[in-house]
There are 2 protein chains.
Amino acid sequence: MILNFIFNIGDAMPFEEERKIFEDYLKSKRLKQSSQRDHILDVFLKTERHLKADELYRLVKKNFPETGFSTIYRTLKLLRECGLCNELILDDGTVRFEHLYGHEHHDHLICTKCGKFVEIMEPQIEKLQLKLAKKEGFVLQNHRLLLYGKCGKCKKK
Amino acid sequence: MILNFIFNIGDAMPFEEERKIFEDYLKSKRLKQSSQRDHILDVFLKTERHLKADELYRLVKKNFPETGFSTIYRTLKLLRECGLCNELILDDGTVRFEHLYGHEHHDHLICTKCGKFVEIMEPQIEKLQLKLAKKEGFVLQNHRLLLYGKCGKCKKK
DNA sequence: TTACCTGCAAAGAATTTGCAGGGCC
DNA sequence: GGCCCTGCAAATTCTTTGCAGGTAA
């Protein structure tokens, strides 16, 4: 593992499981590991914010300036395929990426002023969605619920 | 009204209210009416499907071949500003436009196979959303709920 | 050695903008 | 007449693809 050197021997390796998932996925598809892919995964995992592709690109470039935009997109695609990453399309059309592994299904509450994201979950809503879909004769496959408002701090201003 | 000639005298003019809203909006902004704008509004209103910009463009071109793409986009912007039109961004990133005037707030149930749109409404879900937002200290401004699944016909295949 | 991978630049797709000529009020 | 509108082409923005050289296995 190329990133070993960053951590002291004996430290728990952060995101060990996620890295294993990626590694296994690459192997299963006869794809190869590379320092770029490892580094992009690393930056992606340790950034809690929901990043846009160009934000991820800039962050990755900080420590790995020779990385290209296409590699960012290509790697994000792989991360989605192996279930580590989810693509989120907001109402204004911007696309952001979020961690998926270890995160249960959730919806989003987003501050229209400061951009704060809160992950939310309400089983009742999920149930009602199923009921609605059934009433219309649909088999529900997935859904996207975005709530927009002002967060505690921003509503006071 | 430029489109008068299409209808016999004495016929109820379709979409009279919507046209009035557009006219009033243009006046209020000191903007001008034009045959292109009227025609685009007309095609938009009489098409029940949720159109993409290029679909609207093609429909408008049928009877008004000299219309340009930019006029479509510019007019759609005006229609959104005056509340006649709503922009809907789907999960695959495509953008579609729907009628807004006379349509109560609703969410959407979309068939992932044939693209069928069903407008849905569940007051319970709306209530739960408010509750959720409040719990997180947010003031809710709006929301978007898209349900994806297979419709009655498509699920059988 | 044989794929696969990478960065770059070019190509795409969707939308917006600048401009010169034409039309509404 | 003055401002607004239009179509066109060019510019933008975001993302994908082709290619020639480099690299993992």
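Because the structure is a prediction, the values reported are computed rather than measured. Proteins get letters first, then strands, A, B, ... in listed order; numbering begins at 1 in each.
When rounded to the nearest whole Å, the span between CD1 of A/I72 and P of C/dC8 equals 12 Å. Here D/dC14 presents its C1' atom at 15 Å from CG of A/L90, a figure rounded to the nearest Å. Taking atom CG of residue B/D38 and atom P of nucleotide C/dG23, one finds them 16 Å apart after rounding to whole Å. When the P atom of D/dC14 is taken as reference, atom CZ of A/R96 falls 11 Å away, rounded to whole Å. Rounded to whole Å, the distance from CG on A/L76 to P on C/dC5 is 15 Å. The interatomic distance linking A/D92 (CG) with D/dT13 (P) rounds to 15 Å, in whole Å. Atom NE2 of B/H39 and atom P of C/dG23 are 18 Å apart (whole Å).
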Protein-nucleotides 3-6 of chain D N/O pairs closer than 3.5 Å?
residue : atom : partner : partner atom : Å
D/dC3   : O2   : B/K32   : NZ           : 2.7
D/dC4   : O4'  : B/K32   : NZ           : 3.1
D/dC5   : OP1  : B/K32   : N            : 3.0
D/dC5   : OP1  : B/R37   : NH1          : 2.4
D/dC5   : OP1  : B/R37   : NH2          : 3.0
D/dT6   : OP1  : B/S34   : OG           : 2.8
D/dT6   : O3'  : B/Q36   : NE2          : 3.0

Set out, line by line, the N/O atom pairs under 3.5 Å between protein and nucleotides 13-16 of chain C.
residue : atom : partner : partner atom : Å
C/dT15  : OP2  : B/Y73   : OH           : 2.2
C/dT15  : O5'  : B/Y73   : OH           : 3.0

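A distance-only check finds no donor-acceptor pair linking the side chain of A/E136 to the backbone of A/F138 [under 3.5 Å]. Within the 3.5 Å criterion, the main-chain N or O of A/I21 finds no donor-acceptor partner in the side chain of A/Y101. Under a 3.5 Å cut-off, the side chain of A/T94 and the backbone N or O of A/L90 do not form any donor-acceptor pair. Distance alone, capped at 3.5 Å, is enough to place a donor-acceptor pair between the B/K155 side chain and the A/G137 backbone.
Side-chain contact check for B/Y73 and B/K77: no donor-acceptor pair (N or O, by modelled atom type) lies under 3.5 Å.
Residues satisfying the ring pair (Phe, Tyr, Trp, His ring centres under 6.0 Å) test with B/F22, not counting sequence neighbours, are none.
Here A/R19 does not pair with A/D38 in a salt bridge; the nearest charged N to carboxylate O distance is not below 4.0 Å.
Grouping the Ile, Leu, Val, Met, Phe, Trp and Tyr side chains by contacts below 4.5 angstrom, directly or via other members, places B/V95 with B/F44.
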